[in-house]
Amino acid sequence: MVRTKVRVRFAPSPTGYLHVGGARTAIYNWLFARQHGGKFILRIEDTDISRNVEGAIDTILSSLRWLGLEWDEGPQVGGDYGPYFQSQRTYLYAETARKLLSADRAYRCFCAPKKLEERRQQALREGRPPGYDGRCGDLTQNQIHKLLSREKPFALRFRATSFGDLSFRDLIHGEIAFKKEAVNDFIIVRSDGTPTYNFTVVVDDALMQITHVIRGDDHLSNTPKQIPIYKALGYPRPEFAHIPLILGKDGSRLSKRHGATAVEAFREEGFLPQAMVNYLALLGWSYDDRTTLFSVSELIDKFSLEKVSKNPAIFDLDKLEWMNGVYIREKSDQELAELLLPYIRDIALVDGGGEGREEGEEHLGSATGNETLSDTQTKNILAPRVPEAEIKRTLLKIIPLVRERIKKLSEVQQMADFFFTEDYPLEKDAMQKFLKAREARKILQATLEKLRLAQTFSSEEIEELLRQLPDELGLKAKQIFQTIRAAVTGKTVSPPLFQSLAILGKEKSLNRIAKVLSILEEGAEGP
RNA sequence: GCCCCCAUCGUCUAGAGGCCCAGGACACGGCCCUUUCAAGGCCGCGGCGGGGAUUCGAAUUCCCCUGGGGGCACCA
């Protein structure tokens with residue numbers, strides 16, 4: 001058996017962002033190429049200029065890079081089979097179309113688009129197949145010349161109906177046979193001279209010597225249109241592998257109304273590329289009955305098209321988040337500090353730098369309480385920032401405390417803001433359940449006294465001192481510690497208290513408690 | 001309307017005639033640990049869409065039904 005070198009491709013159209021479905025298709029292609037020592041080719045399908053979106057290519061490329069899917073040929077890297085933008089390959093399509101026309105495998109269609117649409121609608125109404133009836137295929141040379149001389153615009157249609165056998169073997173689905181009704185004479189070149197997808201994809205895949213076409217199930221019904229073109233052109237046909245689609249929670253095709261679908265959006269939320277790749281790879285593929293965590297090299301080693309599932313998969317954010325948490329926990333302190341830095345840069349303000357971040361929450365700062373949001377934003381932008389090196393130092397210290405508590409990098413903001421600013425919000429529950437409780441002042445006062453005694457202010461020392469409180473005050477440990485937590489972090493839920501205090505340091509810890517105490521005192525003595 | 005694909009726990013899946021009164025993971029519930037929340041450990045809940053047929057025996061093969069998805073464009 002002659003083994004030609006594997007060449008696969010991912011061919012997005014620049015109409016927006018890299019969709020997770022597309023990302024998974026790219027992953028499967030990439031894994032397949034790497035596993036077989038073949039080439040992964042990136043091609044931009046931008047023949048429909050009207051649908052091209054500014055900047056979309058850059059976004060797609062950077063998302064692919066972020067996922068770690070380097071391409072061997074394509075934009076920015078070149079290759080021997082270029083150009084890799086369809087918009088730059090028009091001469092190839094034109095040439096091929098001419099060939100098809102002169103061999104009578106294609107013909108000119110003079111039907112006006114409007115007319116076609118009318119016929120289509122009527123056919124649908126009458127329950128007939130809506131496809132083109134092939135009428136222009138029967139035009140005589142004479143008729144054609146007449147129309148041509150009148151400069152009547154025409155499109156080129158592929159004479160598809162003359163091909164009988166429309167069956168092929170799919171690497172995932174097995175034998176698939178289409179009836180001839182599935183295909184009618186479709187347009188390969190529009191009247192404006194631009195080629196259409198089903199035509200360009202064959203020309204490109206053939207010329208780029210693609211050996212395996214791995215793409216979504218939505219292309220399954222395009223395949224019987226494409227196979228005859230290979231035949232008509234005398235090109236060898238690649239292997240086809242149609243992978244199932246990714247659906248949203250409600251079982252319909254995954255789209256924006258199901259939430260984020262852009263890889264870029266997941267990146268911003270704080271998902272790690274390893275988790276994305278692992279999760280997406282497993283969405284529709286499995287290795288055995290127990291393994292769920294795969295490193296990239298394991299995926300390259302173990303991936304196989306044969307084990308790709310036939311049925312569509314529903315995108316499960318919960319599982320992705322769980323998996324992301326797993327990968328976050330595997331990161332070293334240093335790595336995590338780098339990853340987390342962008343998320344806290346904006347909240348790390350020099351003391352008193354900003355005020356009032358979210359409505360409905362009280363703040364320790366001298367809250368006037370009537371600033372508009374834009375005032376606040378302006379203030380936050382203008383506020384002096386903590387130097388990055390200092391942020392990182394703190395970050396390194398708190399990472400052991402937050403690592404196993406976040407599933408997405410962005411969650412660090414909510415979890416650890418109080419380490420980086422004195423302007424942390426006092427959450428409603430923290431206020432009502434603990435700080436406004438009868439015993440709050442007594443607890444905080446006692447805490448202050450205890451902490452003043454601390455020498456090293458290590459978490460061990462802090463714990464030893466504060467552990468005396470329950471007995472001395474005759475209160476439950478939970479209430480005492482929750483009250484302290486509320487005062488120092490503004491939250492009812494936070495990283496471990498004693499360690500948090502130790503990292504904050506004696507001065508800040510004492511100041512915060514004293515400040516809350518004074519606020520409570522004011523409230524108590526108020527009019 | 002026509003064509004194509006698909007069908008195991010809520011979700012992703014293992015299962016290629018007896019190993020399965022169906023295994024794993026996420027989610028969910030409980031317990032343990034514990035100053036909160038996590039993480040971790042243990043336990044639990046939960047499924048072969050329906051009907052025929054083949055067979056000594058079917059989640060696994062075949063047929064029908066039903067359900068879901070995709071397509072039928074001068075979109076890709």
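Please read these numbers as outputs of a predicted model, since none were measured by experiment. In the text below, chain A, chain B and the rest are named by the order of the sequence lines, each starting its count at 1. When reading the values below, keep in mind they use all heavy atoms of this one structure, side chains included, and skip hydrogens, waters and symmetry mates.
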Please check the phosphate of B:G1 (OP1 and OP2 only) for any side-chain N or O of A:Arg120 closer than 4.0 Å.
-> no
May I ask which nucleotide in the shown strands pairs with B:C28, Watson-Crick or G-U wobble, both distances under 3.5 Å?
-> B:G44
Gap between atoms CG and P, on A:Asp218 and B:A73 respectively (whole Å) = 16 Å
Report the base-pairing partner of B:G18 (Watson-Crick or G-U wobble, both distances below 3.5 angstrom), or none.
-> B:C56
So what does A:Ile176 hit on the nucleic acid, given a heavy-atom distance under 4.0 Å: a base, only sugar-phosphate, or nothing?
-> sugar-phosphate
Out of B:G24, B:A27, B:C3, minimum distance to the side chain of A:Asp318 belongs to B:A27
Could you tell me whether A:Phe498 contacts a base, only the sugar-phosphate backbone, or nothing, with contacts defined as non-hydrogen atoms closer than 4.0 Å?
-> base
Pair of N/O donor and acceptor under 3.5 Å linking B:A76 base with A:Asn222 side chain | yes
Taking the side chain from A:Arg24 and the backbone from A:Leu280, do they hold a donor-acceptor pair closer than 3.5 Å?
-> no
In terms of side-chain heavy atoms of A:Asp316, which of B:U35, B:U11, B:C74 is nearest?
-> B:U11
Across all strands, who's sitting opposite B:G67 as a Watson-Crick or G-U wobble pair, both distances under 3.5 Å?
-> B:C6
Rounding to the closest angstrom, what is the interatomic distance between B:C37 and B:G69 at atom P?
-> 41 Å
May I have the distance from A:Asp217 (atom CG) to B:G68 (atom C1'), rounded to whole angstrom?
-> 13 Å
Between C1' of B:C5 and CG of A:Asp170, the distance in whole Å | 10 Å
With the side chain defined as heavy atoms from C-beta on, A:Ser221 is closest, among B:U36, B:U11, B:G71, to B:G71
How many Å lie between CZ on A:Arg24 and P on B:C12, as a whole number?
-> 12 Å
Expressed in whole Å, how much space separates the P atoms belonging to B:G24 and B:U61?
-> 23 Å
Check if the side chain of A:Ser191 and the base of B:C74 share a donor-acceptor pair of N or O atoms closer than 3.5 Å.
-> yes
Determine, using ring centers only, whether A:Phe199 and A:Phe186 are less than 6.0 Å apart.
-> no
Between B:C45 and B:A25 - C1' atom distance, rounded Å = 16 Å
From the candidates B:C26, B:C37, B:C4, the one with an atom nearest any side-chain atom of A:Leu220 is B:C4
Looking across every strand, which nucleic acid part, if any, lies under 4.0 Å from A:Arg403 by heavy atom: base, sugar-phosphate, or nothing?
-> nothing
Under 4.0 Å between any heavy atoms, over every strand shown, what does A:Cys109 touch: base, sugar-phosphate, or nothing? Just pick one.
-> nothing
Check every atom of B:A76, B:U35, B:U13 against the side chain of A:Lys478 and return the nucleotide holding the closest atom.
-> B:U35
Which sits closer to the 5' end of RNA chain B, A:Gly131 or A:Ser13, going by the nucleotide each is nearest to?
-> A:Gly131
Could you tell me whether the phosphate oxygens of B:A14, OP1 or OP2, come under 4.0 Å of any side-chain nitrogen or oxygen in A:Arg290?
-> no
At under 4.0 Å between heavy atoms, what does A:His242 touch on the DNA or RNA strands: base, sugar-phosphate, or nothing?
-> nothing
Round to a whole Å and report the spacing from NZ of A:Lys225 to C1' of B:C4.
-> 12 Å
Is the NZ or CZ atom of A:Arg237 both under 6.0 Å from the centre of the six-membered ring of A:Phe168 and within 45° of that ring's axis?
-> no
Do A:His212 and A:Tyr28 have their ring centres less than 6.0 Å from each other?
-> no
Would you say the side-chain atoms of A:Lys307 pair up with the backbone N or O of A:Tyr287, donor to acceptor, closer than 3.5 Å?
-> yes
B:C65 and B:C48: how far apart are their P atoms, nearest whole angstrom?
-> 23 Å
With rounding to whole Å, what would you report as the distance between B:G46 and B:C5 at their P atoms?
-> 36 Å
In short, A:Gly490 meets A:Leu426 closest at the heavy-atom pair CA-CD2, 3.5 Å
Name the closest nucleotide to the A:Ser309 side chain, picking from B:C12, B:A76, B:U13.
-> B:U13
When we call it a touch if two heavy atoms are under 4.0 Å apart, what does A:Ala313 touch: a base, just sugar-phosphate, or nothing?
-> sugar-phosphate
Which atom of A:Arg215 lies closest to which atom of A:Arg9, heavy atoms considered | NH2-NH2, 4.3 Å
Look at the side-chain N and O atoms of A:Asn311 and state whether any lies under 4.0 Å from the OP1 or OP2 oxygen of B:U8.
-> yes
Would you please confirm or rule out a distance under 4.0 Å between OP1 or OP2 of B:G15 and any side-chain N or O of A:Lys307?
-> yes
Sugar-phosphate only, base, or nothing, as touched by A:Gly325 at under 4.0 Å among non-hydrogen atoms = nothing
Which one, B:C37, B:U13, B:U11, comes nearest to the side chain of A:Val493?
-> B:C37
So CG of A:Leu501 and CG of A:Leu465: to nearest 0.5 Å the spacing works out to 11.0 Å
Under 3.5 Å donor-acceptor, A:Asn324 side chain and A:Leu272 backbone | yes
Give a yes/no on whether any side-chain N or O of A:Arg157 is located under 4.0 angstrom from OP1 or OP2 of B:C74.
-> yes
Length of the CD1-P vector between A:Ile399 and B:A39, whole Å | 18 Å
Base-pairing mate for B:A39 - Watson-Crick or G-U, with both contacts under 3.5 Å | none
Can you tell me if the side-chain N/O atoms of A:Arg329 get under 4.0 Å from OP1 or OP2 in B:G40?
-> yes
On RNA chain B, more 5' by nearest nucleotide between A:Asp288 and A:Ile187 is A:Asp288
Which part of the nucleic acid, if any, lies within reach of A:Pro244 when heavy atoms closer than 4.0 Å are counted: base, sugar-phosphate only, or nothing?
-> nothing
How far, in whole Å, is B:G44 from B:G50 if one measures between their P atoms?
-> 26 Å
Strictly by modelled atom types, are A:Gln226 and A:Asn198 linked by a side-chain donor-acceptor pair under 3.5 Å?
-> yes
Among the nucleotides B:C72, B:G40, B:U35, which one has an atom lying closest to any side-chain atom of A:Pro130?
-> B:C72
Write down the distance separating the C1' atoms in B:C33 and B:G41, rounded off to the nearest Å.
-> 9 Å
What is the distance from CD of A:Glu321 to P of B:C28, rounded to the nearest Å?
-> 11 Å
Residue A:Ser494, side-chain atoms from C-beta onward, closest of B:U36, B:C74, B:A76 | B:U36
Compare side-chain N and O positions of A:Lys319 against OP1 and OP2 of B:C12 and report whether any pair is under 4.0 Å apart.
-> no
Given B:C6, is OP1 or OP2 found less than 4.0 Å from the side-chain N or O atoms of A:His173?
-> yes
Indicate, with a heavy-atom threshold strictly under 4.0 Å, whether A:Ala177 touches base, sugar-phosphate, or nothing.
-> sugar-phosphate
Would you mind reading off the distance between A:Asp289 atom CG and B:A25 atom C1', rounded to a whole angstrom?
-> 11 Å
Taking the same atom, P, in B:A22 and in B:C9, what whole-Å distance lies between them?
-> 14 Å
